[in-house]
Chemist: 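Sharing a structure with you now.
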Amino acid sequence: MARNKIALVGAGMIGGTLAHLAAMKEMGDVVLFDIAEGMPAGKALDLSQAAPVEGFDSRLKGTTDYADIAGADVVIVTAGIPRKPGMSRDDLLGINLKVMKAVGEGIKANCPDAFVICITNPLDAMVWALREFSGLPHNKVVGMAGVLDSARFRHFLADEFNVSVEDVTAFVLGGHGDTMVPVLEYSTVAGIPVPDLIKMGWSTQEKMDAIVQRTRSGGGEIVALLGNGSAYYAPATSAIQMAESYLKDKKRVLPCAAYLEGQYGVDGLYVGVPIVIGAGGVERIVEIELDEAAKAGFQVSVDAVEELLAACKALDSSLA
Ligand code: A3D
């Protein structure tokens, strides 16, 4: 059986970390594509030289030629520019939209059967644009944000409750950004919902509210600390979890930006919701009953995504 092929479009901070993780997990052979000359080949060579020490047999190649991503089973897209301190994700729109056009066309020409995971920000708009430019079916193009946002939420909750991160599940809906909706009622420690834990005296509503707020601005906190760029370890690991669920047909239930066609009252947008990822790509969209507060929060998020799509359409007439 041939090895899987994983193409990473964008070989920067997240792209390099993705290559390292994919190789260490022997998920398949890895192609690092970037427009920067030399850099993807340098990273591929460096990682290949880690192989004898770690004992992984993935083959790694760096390239500036789209032909090298031909036949990829999974494509993870980080091409574009990240945030600098003081920038919002939306400030990236104009530049990254043009990048999505080039990447979408590259995917369409070389690996139209791939499962595509977009990470480039502003996420919910870029995944939509990438799908439009690539012409791939909606169930084969998803955005990574919810796995990361809920991992941030889980980390803060585990820290507050002083329990293992493994026993904390968290639920985050909506767009990636300040309008995301962490849902406490569906966030648990070993199955016990957070509101019950508050009743049990494990924490207070005030502390939970502060954690929700810190989760919403979790990316910005790291941007401010790094001073030059945005988070990359946790974003990479989150996308790898999604890729593994597809390649191994694990059918994980993961929060991702998925294309909605009527679910949650939304039609024709990519928004963060729980989905099942298996060999068929997005195999199911999990539609849960939301209370009034979560519904209102979700709507704010949907409105923000709609605004970004309108901006994309204004910038590129082929999207209108
Ligand atoms: P960075 O290290 O700058 O890497 C981006 C790479 O893209 C660079 O190596 C560029 O040379 C390359 N690139 C630019 N234009 C093209 C092109 N047309 N084709 C191919 N490659 C190109 O950034 P990063 O890896 O830190 O972040 C990548 C993206 O992910 C940014 O847009 C971030 O905002 C975004 N991001 C998203 C999340 C989410 O949770 C959604 C989290 C963190 C970062």
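Numbers here are sequence positions counted from 1. As the structure is a prediction and not an experimental result, all values here were calculated from the model. Computed over heavy atoms, backbone and side chain alike; hydrogens, waters and symmetry mates excluded. Start at 1 and go down the list; that is how both ligands and their atoms are numbered.
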Chemist: So does Ile288 get a backbone contact from the side chain of Tyr264, meaning a donor-acceptor N/O pair under 3.5 Å?
Modeler: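 A pair under 3.5 Å: yes.
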Chemist: Any salt bridge between Lys43 and Asp46, counting N to O under 4.0 Å?
Modeler: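 Not counted as a salt bridge, because no side-chain N and carboxylate O are separated by less than 4.0 Å.
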Chemist: Charged N to carboxylate O below 4.0 Å: is that the case for Glu292 and Lys295?
Modeler: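 Looking at Glu292 and Lys295, the cut-off is met.
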Chemist: Please report the C-alpha distance between Leu47 and Val30 in whole Å, then the side-chain angles of each, then the deciding distance to 0.1 Å, and finally whether the side chain to side chain contact (heavy atoms under 4.5 Å, CB included) criterion is met.
Modeler: CA-CA 10 Å; Leu47 285 166; Val30 176; over 6 Å; no
Chemist: With ILVMFWY side chains joined below 4.5 Å, transitively, what does Leu184's cluster contain besides itself?
Modeler: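 Its cluster mates, by chain and number, are Phe153, Phe156, Leu157, Phe161, Val163, Val168, Val172, Met180, Val189, Ile192, Val194, Leu197, Ile198, Met200, Trp202, Met208, Ile211, Val212.
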Chemist: Show me the short polar-atom pairs for ligand 1: any N or O of it lying under 3.5 Å from a protein N or O, with distances only.
Modeler:
from: ligand 1; atom 1: 2 (O); to: Met13; atom 2: N; distance (Å): 2.8
from: ligand 1; atom 1: 7 (O); to: Gly80; atom 2: N; distance (Å): 3.2
from: ligand 1; atom 1: 7 (O); to: Gly80; atom 2: O; distance (Å): 3.4
from: ligand 1; atom 1: 9 (O); to: Asp34; atom 2: OD2; distance (Å): 2.7
from: ligand 1; atom 1: 11 (O); to: Asp34; atom 2: OD1; distance (Å): 2.6
from: ligand 1; atom 1: 25 (O); to: Met13; atom 2: N; distance (Å): 3.4
from: ligand 1; atom 1: 25 (O); to: Ile14; atom 2: N; distance (Å): 2.9
from: ligand 1; atom 1: 32 (O); to: Ile81; atom 2: O; distance (Å): 2.9
from: ligand 1; atom 1: 32 (O); to: Asn121; atom 2: N; distance (Å): 3.2
from: ligand 1; atom 1: 34 (O); to: Asn121; atom 2: ND2; distance (Å): 3.1
from: ligand 1; atom 1: 36 (N); to: Asn121; atom 2: ND2; distance (Å): 3.3
from: ligand 1; atom 1: 40 (O); to: His176; atom 2: NE2; distance (Å): 3.1

Chemist: Does Arg214 come within less than 4.0 Å of Glu221, counting only side-chain N to carboxylate O?
Modeler: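 Looking at Glu221 together with Arg214, the answer is yes, because their closest N to O distance falls below 4.0 Å.
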